[in-house]
Amino acid sequence: MDSAEAGIPDEQLIEQVRAGNGAAYEELIRRHKQKIFYMAARIARDPLELEEIAQEVFVKAYEKLASYRGEAPFGHWLARIATNTCYDYLRKRKQRRVEVPIDLHEWALEAQTETHGTEPEELAALARALERLRPDDRMVLTLLELEEKSVKETAYIMDISEGNVKVRAHRARKALKELLEKELDHG
Amino acid sequence: MDDTKLDQLLHSLRKRPVHTERLLGFEGRTMAILRQRAEEPAVFFIAWRLAPMFLALLLALGGWMYAIATPPANLHFTALGSGHEEVQMVHYITGD
């Protein structure tokens, strides 16, 4: 980072953004983009959609910056916006019944190099099962199982109680197992 | 499907590499979108501020067109007062 804003805490940068300093927001994006990309990658189907989701997150955050009170770290607040944005994407996909084929070949290659003892077909089946999961079930599983967030963090991000997170996670896992079994049976 | 197998699959999915090629220059592209969006409302704002002027102009134009297009409503009464009632009646009956 070679900009003048590097090294300044997030909260000070936010104040600068509110005062009209665009470069300060650019620095905030630079700091948090990777985290948001990794989060959006759990939902996105290709690199273009990944960037589209990540951009929407930062645009929404910019528009809502006046409502940020600093009660939680900026990264957590941003993660909440990212989750809502991903959730909206999943819902829209369900409404439009968008069926984009998952690249099985890519999955297979990735599985061969990145996984141990997992068949590529099983991973592809898991991806298809996740696509068929209800958006809120998928979000809770994404945060807990893939992003490895704690129950407390998930509760904050999804704006629900910790008890509710546990209930939803249990329901989502059960639903995922059923869908996965169906996918594996169909081959 | 047991929990161990599901955990194993989720673990594999977690380790799946993320496409990070679009991270390069991402902040610049996002800032360009923000700048573009900031300009759009300015155009709407100007249009909104000018709306009353356009409305007044439209009303004035409408009033003027109405004034030149409407025949005098009190034509018959005018005729009565000026002694041309017979001529006016002939015009009325013959449709002139």
Side-chain angles (χ1 to χ4, degrees), chain A residues 3 22-23 25-34 36-42 44 46-52 54-59 62-63 106-107 110-111 113-120 122-123 125-127 129-130 141-142 144-148 173 176-181 184, chain B residues 1-70:
Chain A
S3 67
Y25 196 65
E26 200 168 340
E27 175 60 23
L28 280 171
I29 297 174
R30 199 173 290 122
R31 284 182 191 182
H32 296 277
K33 65 179 178 180
Q34 189 163 337
I36 298 303
F37 257 69
Y38 275 76
M39 216 166 162
R42 308 291 183 199
D46 56 62
L48 277 178
E49 193 183 43
L50 172 59
E51 176 160 6
E52 195 181 296
Q55 274 176 343
E56 203 171 318
V57 171
F58 284 105
V59 168
Y62 184 81
E63 286 166 352
E106 187 188 345
W107 271 94
E110 284 172 3
T113 53
E114 299 291 328
T115 66
H116 307 283
T118 307
E119 293 296 324
E122 288 177 326
L123 267 181
L126 177 63
L130 280 167
L141 279 185
T142 299
L144 287 171
E145 306 281 1
L146 303 178
E147 289 290 304
E148 297 183 283
R173 256 185 97 92
L176 181 63
K177 273 198 272 187
E178 286 170 7
L179 287 168
L180 186 54
E181 278 166 8
L184 289 170
Chain B
M1 171 67 59
D2 59 21
D3 282 318
T4 316
K5 183 68 188 170
L6 182 62
D7 286 336
Q8 190 190 353
L9 284 171
L10 287 168
H11 174 78
S12 300
L13 192 57
R14 204 158 45 231
K15 299 293 170 202
R16 180 183 167 225
V18 172
H19 294 281
T20 52
E21 62 266 33
R22 310 251 350 143
L23 273 171
L24 193 70
F26 172 78
E27 52 273 17
R29 293 192 293 277
T30 307
M31 289 306 292
I33 290 174
L34 284 172
R35 276 192 289 271
Q36 193 188 344
R37 288 203 183 183
E39 284 164 13
E40 280 169 8
V43 174
F44 285 121
F45 183 72
I46 292 166
W48 178 248
R49 290 298 299 267
L50 290 176
M53 198 190 78
F54 282 121
L55 188 71
L57 198 67
L58 204 69
L59 284 171
L61 192 69
W64 177 71
M65 286 181 77
Y66 180 78
I68 60 163
T70 311

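Just so we're on the same page: letters track the sequence lines, and every chain starts at 1. Since the model is a prediction, treat every value here as computed from it, not as a measurement.
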I'd like to verify something: which residue of [options] has the highest number of heavy-atom pairs under 4.5 Å with chain B?
options: A:Ala44, A:Ala40, A:Pro47; value: A:Pro47
options: A:Phe58, A:Tyr38, A:Phe37; value: A:Phe37
options: A:Leu176, A:Leu130, A:Leu48, A:Val59; value: A:Val59

Within the structure provided, determine whether A:Leu146 and B:Arg16 are in side-chain contact (heavy-atom separation under 4.5 Å).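 SC-SC contact between A:Leu146 and B:Arg16 ruled out.
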
Check whether any side-chain heavy atom of B:Arg22 sits under 4.5 Å from a side-chain heavy atom of A:Leu50, and report yes or no. no

Quick one: pull up [atom1] in [X] and [atom2] in [Y] and give me the separation to the nearest 0.5 Å.
X: A:His32; Y: B:Glu27; atom1: NE2; atom2: CD; answer: 12.5 Å
X: B:Leu9; Y: A:Lys177; atom1: CG; atom2: NZ; answer: 12.0 Å
X: B:Thr30; Y: A:Lys33; atom1: OG1; atom2: NZ; answer: 9.0 Å
X: B:His11; Y: A:Glu148; atom1: NE2; atom2: CD; answer: 8.5 Å
X: A:Glu63; Y: B:Arg37; atom1: CD; atom2: CZ; answer: 5.5 Å
X: B:Arg29; Y: A:Ile29; atom1: CZ; atom2: CD1; answer: 11.0 Å

What part of [X] gets within 4.5 angstrom of chain B, counting heavy atoms only: side chain, backbone, both, or neither?
X: A:Tyr62; value: side chain
X: A:Glu178; value: neither
X: A:Leu141; value: neither
X: A:Leu28; value: neither
X: A:Glu26; value: both

Can you say whether B:Leu34 sits under 4.5 Å from chain A via the side chain, the backbone, both, or neither, judging by heavy atoms? side chain

How far apart are the closest heavy atoms of B:Leu10 and A:Leu126, and which atoms are they? N-CD2, 4.1 Å

Of all residues at least two apart in sequence or in a different chain, which pass the salt bridge (charged side-chain N to carboxylate O under 4.0 Å, His left out) check with A:Glu147? A:Arg42

Please determine if A:Arg173 and B:Asp7 form a salt bridge, counting it only when a charged side-chain N lies under 4.0 Å from a carboxylate O. yes

So for atom CG, which belongs to B:Leu59, do other residues, nucleotides or ligands contribute more than 12 heavy atoms lying within a distance under 6.0 Å?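 Counting neighbours around CG of B:Leu59, more than 12 heavy atoms of other residues, nucleotides or ligands fall under 6.0 Å, so yes.
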
